[in-house]
Amino acid sequence: MDSRTVFVLLWMLLSSTSTGIKLDGNGYVDIIIAISSKVTQDDRLIDKIKEMVTEGSVYLHEALDKKVYFKEATILVPPHWNTMHVTKARTESFERAKIRIDNSAQGDEPYTKQYDECGKEGDYIHFTPNYLLNDTIIQLYGLRGKVFVHEWAHLRWGVYDETNDKKPFYYSNHRIEATRCNINIEGQLNEVTPERSVQQCRTNPQTSLYTKDCKFFPNKNQNTNSSLMFMPSVDSVSTFCRENEHNYEAPNMQNLKCEKATWTVIFEDSVDKDALRSLKPLQSSPPPPSFKVVQRMQRVVCLILDVSGSMQSSRILQQQQAATHFLRNIIEDQASVGIVTFSTYASTLSPLTTIDSNTMRDNLIKLLPKVASGSTNICLGLREGLQVLQNDGDVSGDELIFLTDGEATDNIADCAPSAIQSGAIIHTLAFGKKADPALKKMADETGGIFRIASDNMTSNQLMDAFASLTLSTGDYTNEPVQLQSDGARTSDWFNGTASVDQTVGYQTSFVIIYEKHFPSIYIQSPSGLVYTRTNMIHDGLLKTVTLNIPGIAEPGDWKYSIQTTTLQAFTITVTSHAAHASVPPIIVKPRMNQQFSDGTKPMKVFVEVSQNYRPVINAEVWATLESETGDPETLQLLDNGAGADAFQGDGIYSIYFKKMVNGRSSLKVRVKNQDGQTRFAVPKNSGAPYIPGYVVDGVVELNPPKPTVFEEPLEVGNFTRTATGESFEVILKSTTPPNFPPNRITDLSAEIQEDSVLLSWTAPGEDLDEGTAKSYEIRWSFDLHVLRNNFSNGYAVNTAAVSPQEAGSVEQHSFNLSFPIQNGTTLFFVVQSQDKQNAKSETSNIAQASKILPAPSSPVISNPGMNLTVLVISVCVIVIVICIVFSVITWAVKRRNLMQTYALPQSFYQF
């Protein structure tokens with residue numbers, strides 16, 4: 001590593017002030033709350049947001065031993081709102097916001113999007129406008145401030161819910177318990193009939209548990225103050241479950257994902273763990289949060305393009321082609337665009353110009369640079385670009401798109417800090433292998449996007465990079481959608497398909513780029529109409545051919561065929577927009593779980609496929625990771641709830657990335673409908689629990705019913721999507737590839753069948769989720785804590801006959817124990833796998849199974865600590881009843897004897 005690189009890396013470390021939520025002393029700052037552009041203006045929303053965060057700050061302060069509170073928050077309102085007393089947004093944007101206010105097809109339930117492992121930050125919290133404005137919803141979920149703290153714990157500390165709608169009950173100590181934490185939460189189990197009356201729960205004869213209609217109704221008044229991750233709506237609940245009160249047997253997400261108490265995860269595994277352990281409690285109540293309301297207007301963008309000598313030949317042409325695509329198909333109407341070039345000197349080719357027509361777009365395209373020479377003075381380019389923005393006033397929130405293919409010949413540390421502090425958002429494109437390493441720093445610090453792009457003519461990376469430079473306001477109907485991006489080098493045919501679904505079709509364009517000679521091009525619509533060169537626009541200087549489909553493109557499979565007799569490279573990019581303003585398109589969001597790796601731990605690739613917050617499941621998803629120094633690797637991502645994937649069927653597709661090489665790498669994903677199997681699903685998010693009602697003085701008081709959300713078929717036809725994720729960097733600690741063990745099994749389940757046990761799980765791989773593991777070790781115990789504390793202390797199961805299957809397969813193993821399983825017995829099981837080098841996986845989640853034969857006796861959940869008291873009272877009552885009965889019998893016998901002895905009239909004994 002040369003001295004320049006060392007200096008830049010040192011500067012990056014010392015000057016790190018990255019965007020995102022932070023702890024400033026005891027207070028959380030840099031909290032961005034963004035309102036989507038789809039939300040109709042209602043300034044009451046701003047007041048309600050302030051009320052929720054202010055109230056939540058009080059509850060947060062109490063929940064974590066008075067250590068933290070909400071100090072500062074910024075509210076980003078939509079561009080079309082005419083709101084008083086707002087300032088210009090800087091780096092704030094809808095996509096960067098960790099709390100989002102938006103309409104949703106999934107109802108008003110607050111939730112947090114989580115798709116990484118326990119202790120990792122979530123993606124964002126989602127509230128609907130109606131949830132904030134309609135006070136009757138408070139009855140369903142509890143006070144907004146408490147709900148906000150509940151969701152904050154999901155978002156910031158990576159903990160999970162202590163409820164489970166799919167497994168609301170479990171069997172423990174010969175009784176049915178409601179899934180909850182802590183166990184001291186008291187209440188009743190009842191069913192609500194269609195007529196909204198309350199009745200005792202019925203039993204499922206097959207499982208001997210209560211039916212799915214049975215619900216837990218907590219007592220309105222409790223004798224415990226935890227836990228906020230179970231029921232924040234209960235008045236007395238004000239903190240999180242600690243180790244001494246955590247219910248490890250409950251089959252909830254917190255136990256499945258973390259197997260630790262919520263309090264333990266927050267203080268030992270979360271991003272704030274070090275700060276929280278060192279912070280001292282505040283000596284007085286925290287001050288209320290301060291708020292800033294900001295707004296982003298129409299986009300203001302300046303392109304800063306490298307025209308130094310290293311950009312000669314094909315690079316300057318590729319820059320021109322990609323910038324043309326950006327100006328013609330990506331940047332929105334009414335945006336203002338300027339163009340700056342830099343090399344030995346910097347020049348302004350165009351001041352800020354409002355795009356109000358296709359003619360204006362073409363005029364800007366004509367100004368794009370076509371020749372290159374000179375050195376790479378990055379600071380000159382930055383200063384010239386900022387000057388162009390400053391000519392329009394305050395640069396806060398304006399954007400610089402900075403592209404360079406070389407190391408700076410000047411000292412970037414002289415100008416980058418001031419550029420970062422300017423308030424402008426700086427998107428940076430590293431074109432080629434030598435682009436300056438400080439580019440990522442500038443993007444990270446200003447809320448910009450960092451992309452790398454190879455100058456390989458078939459990669460299409462530079463086109464993809466420019467196409468990804470959007471700044472979402474939350475209304476995806478106004479943003480371009482990339483349907484296809486592909487490339488090849490051939491002397492024959494280059495064929496493919498781009499599928500236009502019902503959610504897109506407006507302003508659909510096919511852009512073909514060729515390397516040498518103009519080819520024959522045929523594009524066929526789903527109905528068979530063939531477009532040829534007579535229907536297309538050919539630019540010989542740019543070596544591009546464009547087909548613009550008028551109106552709304554016909555839904556279905558559009559097939560393209562490109563023929564050449566000369567060996568040359570081709571790329572094709574297909575872009576479209578939403579077909580209707582009221583129907584958001586299917587969108588794809590790729591990301592890595594980290595932007596830097598030293599190779600000691602695997603990275604994860606995540607791809608979210610959704611439409612208006614509805615997960616799109618059963619799609620076919622592929623990721624290509626291409627480094628500057630190695631061959632590209634293509635991986636299929638799965639949504640199966642195993643390996644790298646946190647939840648099955650949540651529309652988040654995941655995979656481990658293990659074959660890392662030194663240098664910067666890019667991420668590109670391709671998504672398509674899988675033989676018509678793709679459909680919408682009900683979200684599996686971490687959300688605020690709905691409370692069906694409360695028990696007050698022994699009587700159930702019902703809440704309004706929760707609105708039902710139905711799964712819908714995905715009737716949009718075939719679709720394709722491509723998307724580019726942010727680039728990342730790898731600097732390996734060792735030249736020897738690490739041996740990763742099999743991935744941890746997270747979906748182990750157990751079932752007792754007569755006197756045998758059936759275990760099921762998803763097979764791990766030889767290396768994480770790839771290949772086939774060598775063997776399994778299975779252990780069981782009567783005591784959950786035995787397996788938690790020391791796996792080897794459990795009883796071993798003979799697995800000699802179990803041959804592991806390929807990663808991703810369904811594994812099942814049935815076996816008999818050495819004793820008959822008695823009714824009421826509960827057993828716990830854990831699995832560990834091993835690879836050929838004897839590297840062992842982490843132990844799996846703990847699965848439990850119970851043998852239950854008779855129906856339960858009483859659908860009442862009470863405090864186990866009260867069992868002795870209840871027993872004593874019951875015995876006393878029985879004794880009293882026996883005494884009364886004995887006294888009555890004795891009195892009757894004496895009465896009969898007196899009557900017989902003295903022959904007294906019966907009326908004598910009446911009273």
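Along the sequence shown, residues carry numbers from 1. All values derive from a computational prediction rather than experimental measurement.
Checking side-chain atoms of Arg451 against main-chain N and O of Gln461 turns up no donor-acceptor pair under 3.5 Å. Panel note: side chain Arg721, backbone Ile586; a donor-acceptor pair is recorded below 3.5 Å. Here the side chain of Ser499 pairs no donor or acceptor atom with the backbone of Asn718 at under 3.5 angstrom. Looking at Glu399, its side chain never comes within 3.5 Å of a backbone N or O of His427 through a donor-acceptor pair. The main-chain N or O of Pro764 is never found under 3.5 Å from a side-chain atom of Asn743 such that the two would form a donor-acceptor pair.
Electrostatic pairing of Asp769 and Lys658 counts as a salt bridge here, judged by a charged N lying under 4.0 Å from a carboxylate O. Using a 4.0 Å cut-off between charged side-chain N and carboxylate O, Asp767 and Lys659 make no salt bridge. Electrostatic pairing of Glu121 and Lys98 does not count as a salt bridge here, judged by no charged N lying under 4.0 Å from a carboxylate O.
The ring pair (Phe, Tyr, Trp, His ring centres under 6.0 Å) check on Tyr776 picks up Trp761, with sequence neighbours excluded. Under the ring pair (Phe, Tyr, Trp, His ring centres under 6.0 Å) criterion, Tyr613 pairs with His126, sequence neighbours left out. Scored by the ring pair (Phe, Tyr, Trp, His ring centres under 6.0 Å) test, Phe647 finds Tyr160 as partners (sequence neighbours excluded).
Closest of all the heavy-atom pairs between Phe450 and Ala430 is CE1-CB, 4.0 Å. A pairwise comparison of heavy atoms in Leu732 and Val730 identifies CD2-CG1, 3.5 Å as the closest pair. Closest approach of Lys840 and Pro741 over heavy atoms only: O-CB, 3.5 Å.
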(request) Apply salt bridge (Lys or Arg N to Asp or Glu O under 4.0 Å) to Glu515 and Arg489, showing your working. (result) CA-CA 9 Å; Glu515 182 182 9; Arg489 184 178 296 276; 2.9 Å; yes
(request) Starting from the C-alpha separation in whole Å, work towards a yes-or-no answer on side-chain hydrogen bond (donor to acceptor under 3.5 Å, both in side chains) for Gln482 and Thr722. (result) CA-CA 6 Å; Gln482 192 164 273; Thr722 64; 2.8 Å; yes
(request) Step by step, work out the side chain to side chain contact (heavy atoms under 4.5 Å, CB included) result for Lys543 and Gln321. (result) CA-CA 8 Å; Lys543 297 182 179 178; Gln321 293 164 341; 4.2 Å; yes
(message) Does Gln812 form a side-chain hydrogen bond (donor to acceptor under 3.5 Å, both in side chains) with Ser760? I'd like the steps, not just the answer.
(response) CA-CA 4 Å; Gln812 288 192 325; Ser760 303; 3.2 Å; yes
(message) Evaluate Lys434 against Glu407 for salt bridge (Lys or Arg N to Asp or Glu O under 4.0 Å), listing each step before the verdict.
(response) CA-CA 6 Å; Lys434 294 185 178 180; Glu407 294 180 322; over 6 Å; no
(message) Checking Leu635 against Leu625 for the side chain to side chain contact (heavy atoms under 4.5 Å, CB included) test, could you report, in this order, the C-alpha distance in whole Å, the side-chain angles of both residues, the deciding distance, and whether it holds?
(response) CA-CA 8 Å; Leu635 304 168; Leu625 298 107; 3.9 Å; yes
(message) Determine whether Ser472 and Glu479 satisfy the following criterion, side-chain hydrogen bond (donor to acceptor under 3.5 Å, both in side chains), listing intermediate values before the conclusion.
(response) CA-CA 7 Å; Ser472 178; Glu479 298 175 19; 2.7 Å; yes
(request) Run the numbers on Asp486 and Tyr560 for side chain to side chain contact (heavy atoms under 4.5 Å, CB included), then give the verdict. (result) CA-CA 12 Å; Asp486 202 2; Tyr560 55 86; 4.3 Å; yes
(request) Could you go through the side-chain hydrogen bond (donor to acceptor under 3.5 Å, both in side chains) check for Asp598 and Thr600 one step at a time? (result) CA-CA 6 Å; Asp598 61 7; Thr600 56; 2.6 Å; yes
(request) Decide salt bridge (Lys or Arg N to Asp or Glu O under 4.0 Å) for Arg591 and Glu95; before the verdict, give the C-alpha distance in whole Å, the side-chain angles of both, and the deciding distance to 0.1 Å. (result) CA-CA 13 Å; Arg591 59 164 287 195; Glu95 288 293 329; over 6 Å; no
(request) Check the pair Arg788, Glu259 against salt bridge (Lys or Arg N to Asp or Glu O under 4.0 Å), reporting the backbone distance first and the verdict last. (result) CA-CA 8 Å; Arg788 276 196 70 248; Glu259 293 188 341; 5.8 Å; no
(message) Between Phe431 and Asp306, is the side chain to side chain contact (heavy atoms under 4.5 Å, CB included) condition met? List the steps.
(response) CA-CA 10 Å; Phe431 188 30; Asp306 188 348; over 6 Å; no
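Residue Gln312 places its CD atom among more than 12 non-hydrogen atoms of other residues, nucleotides or ligands, all under 6.0 Å distant. Sparse packing is recorded around CG of Asp631, with 12 or fewer heavy atoms of other residues, nucleotides or ligands lying under 6.0 Å away. More than 12 heavy atoms of other residues, nucleotides or ligands shown are found within 6.0 angstrom of NZ on Lys589.
Here NZ of Lys516 is found 9.0 Å from OG1 of Thr564. Values are rounded to the nearest 0.5 Å. Rounded to the nearest 0.5 angstrom, Arg744 CZ and Ser844 OG are separated by 6.5 Å. Thr571 contributes atom OG1, which lies 12.0 Å from atom OH of Tyr514 (distance to the nearest 0.5 angstrom). Atoms CG and CZ, on Leu667 and Phe606 in that order, are 11.5 Å from each other to the nearest 0.5 Å. Distance check, rounded to the nearest 0.5 Å: CD of Gln114 to NZ of Lys257 gives 10.0 Å. The line from OG of Ser468 to CG of Leu429 is 7.5 Å long, rounded to the nearest 0.5 Å.
Between the side chains of Asn845 and Thr746, no donor-acceptor pair is found at a separation under 3.5 Å. Between the side chains of Thr772 and Glu806, no donor-acceptor pair of N or O atoms lies under 3.5 Å. Checked by atom type, the side-chain pair Arg315/Gln318 shows no donor-acceptor distance below 3.5 Å. One side chain, Thr573 or Asn460, offers a donor N or O that lies under 3.5 Å from an acceptor on the other. Using modelled atom types and a 3.5 Å distance limit, the side chains of Glu626 and Ser666 yield no donor-acceptor pair.
Side-chain contact check for Thr428 versus Lys440: every heavy-atom pair is 4.5 Å or farther apart. Put simply, the side chain of Thr470 reaches to within 4.5 Å of the side chain of Ile330, judged on heavy atoms. Between Leu400 and Met442, every side-chain heavy-atom pair lies at or beyond the 4.5 Å cut-off.
Tested against Trp558, the residues Val500, Val574, Thr497 include a single side-chain contact (heavy atoms from CB on, under 4.5 Å) partner, Val500.
Ring pair Tyr476/Phe94 is perpendicular by interplanar angle, where above 60° counts as perpendicular and below 30° as parallel.
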